[in-house]
Amino acid sequence: MSETPSNPQLVLSHPCQLGEGPVWDENTQTLYWVDILAGTIHSWNSVTHQHMHWETKDLIGAVAVCTDGRLLAALQNGLLIFNQETGEKQWLSGPEPNQPSNRFNDGKCDPKGRFWIGSMCVHETTGAGSLYQFTLAGGLQQKIPGITISNGLAWSLDHRTMYFIDTPTYEVWAFDFDLETGSIGNKRVVITIPQSEGYPDGMTIDSEGMLWIAHWDGWQVARWDPNTGNKLHSIHLPVARVTSCCFGGRDWNDLYITTAGTGLSAEAHQEQPLAGCLFVVKNSGYKGFAFTPFQV
Ligand code: CA
């Protein structure tokens, strides 16, 4: 069988319950991601092929790489900076105020190095979550209330638009974004995903400004045009619960994809033995670009 560039390859056979939040560290050519339900931070070094993992003993929504190489981690009990070399944890902020049943979910740094982190109720109660912005100077600031499952985040190449997904809406929203102040406004719907394609989950943006969206229960990562709302390209995965993606590699043209096995029936697990594993599309034909690290 010949292999086309769009074929996802298995990176690691380690099955996450809920693999999520891939982020590429270009300094070490390392991918970080989390297993939200297992409370684990994972790393995979693309040079040495070394896989490492750290237990946080808490639900973990997302990590971001800091300017000094440490990790900002969003746990249910609050935000902390984690030193991968020493295991040292430095707590920065408490949990989301007045929402004991919530946990943090997807999060990412904006082009100015501010961390945006969403939340959701562990019971998926409608409207119980919010999207926050977090900085060391400003703490946790609520930006969008009334979110149900806060997920994908991306910023346009000109830094004037923020894209955001509240999964049960099947929509991608765009906001005017002020890079200097971090304020958002003028919400509009730019993409509506047909329900037959699965739920929109995590998201990244490529060097042409197109959005790559992981489709939960949709067996795919797809490339969408936020200017027209059209689907441009799809990459089929051998697992249904595709959670997020990001570009990495020396030339930013490898697409890393996280997946989940949680909630699948025993029959579905048999059908999808790789559910929860990490995949990559090498030399995808598309490119990402450097993540802005969290400013510490
Ligand atoms: Ca997610």
Side-chain angles (χ1 to χ4, degrees), residues 15-24 31-42 56 58-64 72-76 79 96 102-110 115-132 134 143-144 147-155 162-173 191 193 195 197-205 211-222 224 235 237 239-247 255-264 275-279 291:
C16 285
Q17 293 178 55
L18 183 50
E20 272 285 0
V23 57
W24 185 258
L31 187 81
Y32 290 99
W33 72 104
V34 299
D35 185 341
I36 294 178
L37 299 177
T40 312
I41 301 170
H42 289 271
T56 68
D58 196 1
L59 296 173
I60 178 167
V63 291
L72 173 64
L75 307 185
Q76 190 174 25
L79 296 168
E96 183 181 8
N102 277 15
R103 66 166 173 83
F104 286 120
N105 201 38
D106 209 340
K108 194 175 284 179
C109 285
D110 72 19
F115 187 57
W116 291 68
I117 181 75
S119 67
M120 59 178 280
C121 175
V122 293
H123 310 301
E124 301 186 7
T125 306
T126 300
S130 293
L131 180 67
Y132 296 89
F134 178 75
K143 291 291 184 177
I144 312 177
I147 301 298
T148 302
I149 303 181
S150 185
N151 258 315
L153 286 159
W155 285 265
M162 185 180 91
Y163 300 105
F164 174 65
I165 291 170
D166 181 6
T167 287
T169 67
Y170 288 95
E171 293 170 345
V172 179
W173 300 343
I191 297 167
I193 311 275
Q195 295 196 7
E197 305 243 2
Y199 286 101
D201 194 337
M203 170 165 66
T204 195
I205 191 164
L211 297 173
W212 291 77
I213 299 173
H215 290 230
W216 174 271
D217 280 348
W219 303 83
Q220 63 182 317
V221 166
W224 292 81
I235 294 171
L237 275 295
V239 303
R241 304 203 143 168
V242 187
T243 55
S244 193
C245 59
C246 81
F247 287 96
L255 184 70
Y256 286 88
I257 302 165
T258 52
T259 70
T262 185
L264 294 178
C277 294
L278 177 71
F279 295 86
F291 287 79

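Order of appearance sets the numbers: ligands from 1, and atoms from 1 within every ligand.
Between Phe247 and Trp212, the ring planes are perpendicular. Angles over 60° get that label, and only those under 30° would be called parallel. Ring geometry, Phe104 versus Tyr132: the interplanar angle exceeds 60°, so the pair is classed perpendicular (tilted spans 30 to 60°).
Sorting the N, O or S atoms of Asp201 by how far they are from the Ca ion (ligand 1) puts OD1 first. Here the N, O or S atom of Glu20 that is nearest to the Ca ion (ligand 1) is OE2.
With no hydrogens or angles considered, no side-chain donor-acceptor pair links Trp155 and Asp110 at under 3.5 Å.
The Ca ion (ligand 1) has an N, O or S atom of Asn151 closer than 3.0 Å.
Between Tyr256 and Phe279, the ring centre distance reaches or exceeds 6.0 Å.
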